[in-house]
Amino acid sequence: MNKWMERAIELALENVAQGGQPFGAVLVKDDKIIGEGVNELHIRPDSTGHAELLAMRRAQQKLNSTDLRGAVMYASGAPCPMCFGAMAMANMDKAYYANSLAEALAVGLTRSSEVYADLQKADSERAFQMIHMPVENEAISPMHVWYKKGE
């Protein structure tokens, strides 16, 4: 285990001691910590208050950029689908994790596994339904307006 993963685990254990879940994350770039976080769901009602997302937000503010190319995440647990997506969208190079989804499931932390399983299903079979409602008039379609603005 390297020092960055040790730090992520230390943050997770501190969070457990303070009544939170066992998740800590450290974001590193150029051999320096650029962001840290723990799940803060026990502090405020924010379902996006995950360790990885908070580490990313802090790093992006520090760097004044949404592009985290060259950064590496160290997380105490396998990232959930939301965090996975956010890391990919930010162009992050890779992420390391200590505890697996199977380990999380074994101790009662089921939501990530449930969402990952739901994503494997056809759209019509998912528990969470997303229904396409197309904008028929391009003049008021946000994407078309945005595209035209750039021409």
Are any side-chain N or O atoms of [X] and backbone N or O atoms of [Y], one a donor and one an acceptor, separated by less than 3.5 Å?
X	Y	value
Arg58	Glu36	yes
Ser76	Pro22	yes
Gln18	Asn15	no
Asp93	Gly70	yes

Enclosure of [X] [atom1] (heavy-atom neighbours >12, cutoff 6.0 Å):
X	atom1	answer
Glu14	CD	yes
Glu136	CD	no
Lys121	NZ	yes
Asn137	CG	yes

Trace of the side chain to side chain contact (heavy atoms under 4.5 Å, CB included) decision for Glu40 with Asp46: CA-CA 8 Å; Glu40 295 184 355; Asp46 176 6; over 6 Å; no
Cationic N near anionic O, under 4.0 Å, Arg69 to Asp67: yes
Answer yes or no: is there a side-chain heavy-atom contact under 4.5 Å between [X] and [Y]?
X	Y	answer
Pro134	His132	yes
Met73	Met56	yes
Arg126	Val115	no
Leu27	Ile33	no
Leu41	His50	yes
Leu63	Ile34	yes
Val72	Lys29	no

Distance in Å, Cys80 SG paired with Asn39 CG, rounded so as to fall on 0.5 Å steps: 8.5 Å
In Å, rounded to the nearest 0.5 Å, how long is the span from OG1 of Thr66 to CG of Asn91? 8.0 Å
Under 4.5 Å between side-chain heavy atoms, counting indirect links through other Ile/Leu/Val/Met/Phe/Trp/Tyr residues: same cluster for [X] and [Y] or not?
X	Y	result
Leu53	Leu109	no
Leu11	Ile9	yes
Ile43	Val16	no
Leu119	Met87	no
Met92	Val28	no

For the pair Phe84 and Tyr116, name the ring-plane relationship: parallel under 30°, tilted 30 to 60°, perpendicular over 60°. perpendicular
Looking at [X] and [Y], what are the two nearest heavy atoms and their distance?
X	Y	answer
Ala55	Gly37	CB-N, 3.9 Å
Tyr97	Asn99	CD1-O, 3.4 Å
Ala12	Gly24	CB-N, 3.5 Å
Tyr74	Met5	CD2-N, 4.0 Å

Decide yes or no on side-chain hydrogen bond (donor to acceptor under 3.5 Å, both in side chains) for Ser100 and Glu103, but give the supporting numbers first. CA-CA 5 Å; Ser100 68; Glu103 290 171 299; 3.3 Å; yes
Please identify each residue that fulfils side chain to side chain contact (heavy atoms under 4.5 Å, CB included) with Glu6, with sequence neighbours left out. Met1
Side chain to side chain contact (heavy atoms under 4.5 Å, CB included) partners for Leu105, two or more places apart: Thr110, Ser113
Between Arg111 and Ser47, do the side chains contain an N or O donor and an N or O acceptor separated by less than 3.5 Å? no
